[in-house]
Every structure is written in C-alpha cells, then in structure tokens.
Amino acid sequence: MSAHAAVPGPAAAAPGGAAIADADPYDQLSPILIQGQGPRFVAPTRRDSIGRIWAPVYLDGKGPFRLVLDTGATQSGITETVAAILKLPLDRTPPVLLRGVTGTAKVPTVRIDELTVGDLDQSGAVVPIVPDALGGADGVLGTAGLADKRIVIDFRHDRITITYSHGEPAAEGFETLTFRPNLETPIIVDAYVGNVRAKAIIDTGGQLTIANDALRDALLSRRAQRHGRFDQIEGATKAIQDGEIIATPVIDFGSVEIHDPYITYSNLLIFEHWHLEHEPAILIGMDALGLLQELIIDYKRHELQMRTAPG
C-alpha cells in the first residue's frame, strides 16, 4: 500500500472517517458514497487540493465503494468501516503484514467473495484492513488481476474505466512511456531530474512526490550545498519517517516535464523494499499526476499513455 502524506512538524494523524451509529451502516453511507459533492471518482490536482483516483468498486454485490487506485500496491484492501457495512468478520482469516511507504504493520484480513469494477472480476480475495485515513476513500485497489487490463483515467470528465486491453497504441496527442512488465513491482519508468538520471515510480496511491536520498545526494554534488526544510511523511500504516524539503530542478520524462520547485527527500522504507535505496529514485504522486488531462495505464502493452492539459 502506498498511500502517504507529508505532515509538518510533530507527527500528526490523517483524518479518519466519521462514526455512524443506530441505523444500518449501509443505508447511512450509500448516499455519501454515491452522491457526495465534488468529483465522484477522479479529482484533478488544483492549486488548493491534491488529486485522487477513486475506482467505483462493487464488493459482494454492494456499492459502489470508492477505492483509491494504487499502482504501488499488489493487493487491494478495505477500511474497517466497509468491512462493517458488508458484515465481514475480522477473525475468520489470518492477519497479514501490511507494507506502506514508511513502515509495516500487522493488520486483520477479511474474505471478499467478489470484487468487481469494469472488466475486473476477482473471486475469493482475502484482503487486509487498511487504516481509515485515505482522504475519504473506502480502501485501495491494487494491481492484482490487471495484467491484461487497460485503465483510462479522464480528469476532465471525472471518469475512470477498467477494460480488457486490446493492445491499442496511444492516440494522437498522447505521450507514451514504457514500463517493466511485472505486476509484483510498481510502474517504473526512466526520467531525468535536472541532469541526474533516475528511476521514477508512478504512484497513484500517494499524494505527494517524494525522492530518495540517493537522488538528493546526486543533485547536491553537482551544485552548491543547500539545507532544506524539515518534513515528515506518514504512510498507510501510520508509521512516520523524517524528510527534508529541498528546491528541485525539472523532472523530465522526455516530452513530458514536471515543474515542482520543492520536493520532499527521504529514505523511505519502500525504496529499500524495491531495491532502489542506492540509486536515484523518485515516487511520482498525485500532486503531479493529477495535473494531467488524461492518463492511461495499459498493463498488456506495458505503457503509460499521457495527455497533458493545455498550458
């Protein structure tokens, strides 16, 4: 699970969902899940808010629940509130070790008989219970079952579709990046940060763009040393790691550039898990990805197809 947020100063917990009592929880929550104000499933990044991608997922025939599309997670997960809505007991399946960007935590699991969204249909999945701190989402949608799928995320029209891939090449106006064909690892593409070559991890589950210390050191070795501003990162497990906000040059994917003057640098535990702690690497979060007009992830073609917004 790769949902994360930077928190200033002392460690602070992300806001959780509101408790609901007395009435049946599904009757209470369904209007909020389906008819809430603002974007239903795709929220672009704006000056005052970070974008999110919520997939409308049906669980055991109920929903849709909004699960954060997380390209950094192999397994899906739901919050304890959703488990209560579905009346799923937390003591029928063994606990698992949940891995976030900043740490791990032992969490309970539940069995979901059917998980469906678009052409994705999973049966009998045992999924972890994730902390209820996902920006209003009901859980995360991981990459399991997506090997032959195509995900189209349209930020302009608040729309996400998951279909079988038919090998469609990028349409006119899209830029294409190729990634490694392995669902056990995240989507990794080549990029340059300034004049330093780096591995860029496409992290739709993360709010912010975060780089490792190897990239920071490579950048600072080529220019005057600068001290940054203290920061902290809280991951999906609520573990916290220290970081440093430093002025950063342009992130360049060839024909696509990200101009973000300040980025947090930290040796997140997830970099070690992915064996990227010793080479320059950067997690590209929704603060940057949400600026796109349209993003297509074609797992069959192993491609990212991106259309940038005008200007």
Side-chain angles (χ1 to χ4, degrees), residues 1-4 17 29 33-34 39-43 50-83 85-86 88 96 98-101 107 109-155 158-165 179 183-187 201-207 235-237 270 283 285-286 289-290 295-300 304:
M1 307 296 168
S2 59
H4 59 262
L29 287 182
L33 292 167
I34 298 173
R40 295 174 64 197
F41 302 120
V42 177
I50 294 173
R52 302 298 280 176
I53 301 170
W54 300 288
V57 178
Y58 286 86
L59 303 172
D60 290 347
K62 293 184 178 179
F65 297 96
R66 299 201 303 183
L67 269 59
V68 173
L69 177 67
D70 190 349
T71 53
T74 54
Q75 181 60 277
S76 298
I78 61 173
T79 65
E80 191 169 348
T81 300
V82 173
I85 291 170
L86 299 175
L88 299 175
V96 297
L98 179 69
R99 187 183 303 278
V101 296
V107 298
T109 61
V110 293
R111 179 184 176 87
I112 295 175
D113 291 331
E114 187 176 30
L115 181 155
T116 59
V117 50
D119 285 339
L120 175 64
D121 190 346
Q122 290 182 280
S123 300
V126 176
V127 303
I129 298 296
V130 298
D132 194 2
L134 298 166
D138 303 305
V140 297
L141 179 66
T143 58
L146 295 177
D148 57 352
K149 303 299 190 298
R150 177 181 176 90
I151 304 174
V152 179
I153 302 144
D154 187 340
F155 289 99
D158 185 16
R159 184 183 305 140
I160 175 173
T161 57
I162 300 177
T163 61
Y164 285 102
S165 170
F179 58 88
L183 285 178
E184 296 302 315
T185 61
I187 296 174
I201 302 99
I202 305 302
D203 184 20
T204 60
Q207 295 183 43
T237 63
I270 199 67
L283 286 169
M286 286 305 301
L289 297 172
L295 172 64
I296 298 172
I297 307 170
D298 196 314
Y299 280 98
K300 186 174 182 179
L304 292 177

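Remember, it's a predicted structure, so these values are computed and weren't measured experimentally.
- Using a 4.5 Å heavy-atom threshold, the side chains of I201 and P186 count as touching.
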Practice task
Evaluate the side chain to side chain contact (heavy atoms under 4.5 Å, CB included) criterion for residues I297 and R150: first the C-alpha distance (whole Å), next the side-chain angles of each, then the deciding distance (0.1 Å), finally the verdict.
Solution key: CA-CA 6 Å; I297 307 170; R150 177 181 176 90; over 6 Å; no

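- Inter-residue side-chain proximity for L98 and P131 is flagged as met; some heavy-atom pair is nearer than 4.5 Å.
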Handout entry: Full working for side chain to side chain contact (heavy atoms under 4.5 Å, CB included) between I187 and Y299
Key = CA-CA 9 Å; I187 296 174; Y299 280 98; 3.7 Å; yes

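- Note: F155 CZ to I53 CD1 = 4.0 Å, rounded to the nearest 0.5 Å.
- Summarising the geometry, atom CG belonging to L59 is positioned 9.5 Å from atom CD belonging to E114; distances are rounded to the nearest 0.5 Å.
- The main-chain N or O of V42 is found under 3.5 Å from a side-chain atom of D158 such that the two form a donor-acceptor pair.
- Between atom CG of residue L86 and atom CD1 of residue I112 there is a gap of 7.0 Å, rounded to the nearest 0.5 Å.
- Listed here is the closest heavy atom pair of M286 and R52: CE-N, 4.1 Å.
- Here the side chains of V57 and P64 are not in contact, with every heavy-atom distance at 4.5 Å or above.
- The two atoms that bring A55 and V117 nearest to each other are CB-CG2, 4.4 Å, heavy atoms only.
- Taking 4.5 Å as the limit, every side-chain heavy atom of F65 sits out of range of all side-chain heavy atoms of T79.
- Considering only residues two or more places apart in sequence or on other chains, D154 meets the side chain to side chain donor-acceptor pair (under 3.5 Å) condition with H157.
- Using a 4.5 Å heavy-atom cutoff, the side chains of D60 and L88 are in contact.
- Note that CD1 of I153 and CD1 of I160 are 5.0 Å apart. Values are rounded to the nearest 0.5 Å.
- Although no hydrogens or angles enter the test, the distance criterion places a donor-acceptor pair under 3.5 Å between the side chain of R66 and the main chain of R40.
- Of all the heavy atoms in G235 and V101, the pair that sits closest is CA-CG2, 4.0 Å.
- No donor-acceptor pair closer than 3.5 Å links the side chain of K62 to the backbone N or O of Y58.
- Side-chain contact check for V68 versus D138: every heavy-atom pair is 4.5 Å or farther apart.
- Using modelled atom types, one side-chain atom of S76 and one backbone atom of G142 make a donor-acceptor pair closer than 3.5 Å.
- Between P128 and V96, the closest heavy-atom pair is CB-CG2, 3.9 Å.
- The shortest non-hydrogen separation linking V110 to A83 is CG1-CB, 4.4 Å.
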Handout entry: Trace of the side chain to side chain contact (heavy atoms under 4.5 Å, CB included) decision for D70 with L141
Key = CA-CA 6 Å; D70 190 349; L141 179 66; over 6 Å; no

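- How far NZ of K300 is from OH of Y164: 11.0 Å, rounded to the nearest 0.5 Å.
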Handout entry: Residues L304, F179; criterion side chain to side chain contact (heavy atoms under 4.5 Å, CB included); working and verdict
Key = CA-CA 8 Å; L304 292 177; F179 58 88; 4.2 Å; yes

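- In this structure, T143 contributes its side chain and T71 its backbone to no donor-acceptor pair below 3.5 Å.
- Taking the side chain to side chain contact (heavy atoms under 4.5 Å, CB included) definition, one finds that V126 meets it with T93, T109, R111, sequence neighbours left out.
- In terms of modelled atom types and a separation under 3.5 Å, the side chain of T163 and the main chain of D119 share no donor-acceptor contact.
- When side chains are defined from C-beta on, L115 does not count as touching D121, because their heavy atoms never get closer than 4.5 Å.
- Interatomic distance, CG of D203 versus CG of L283, reported as 5.0 Å (0.5 Å rounding).
- At distances below 3.5 Å, not a single donor-acceptor pair connects side-chain atoms of S165 with backbone N or O atoms of D298.
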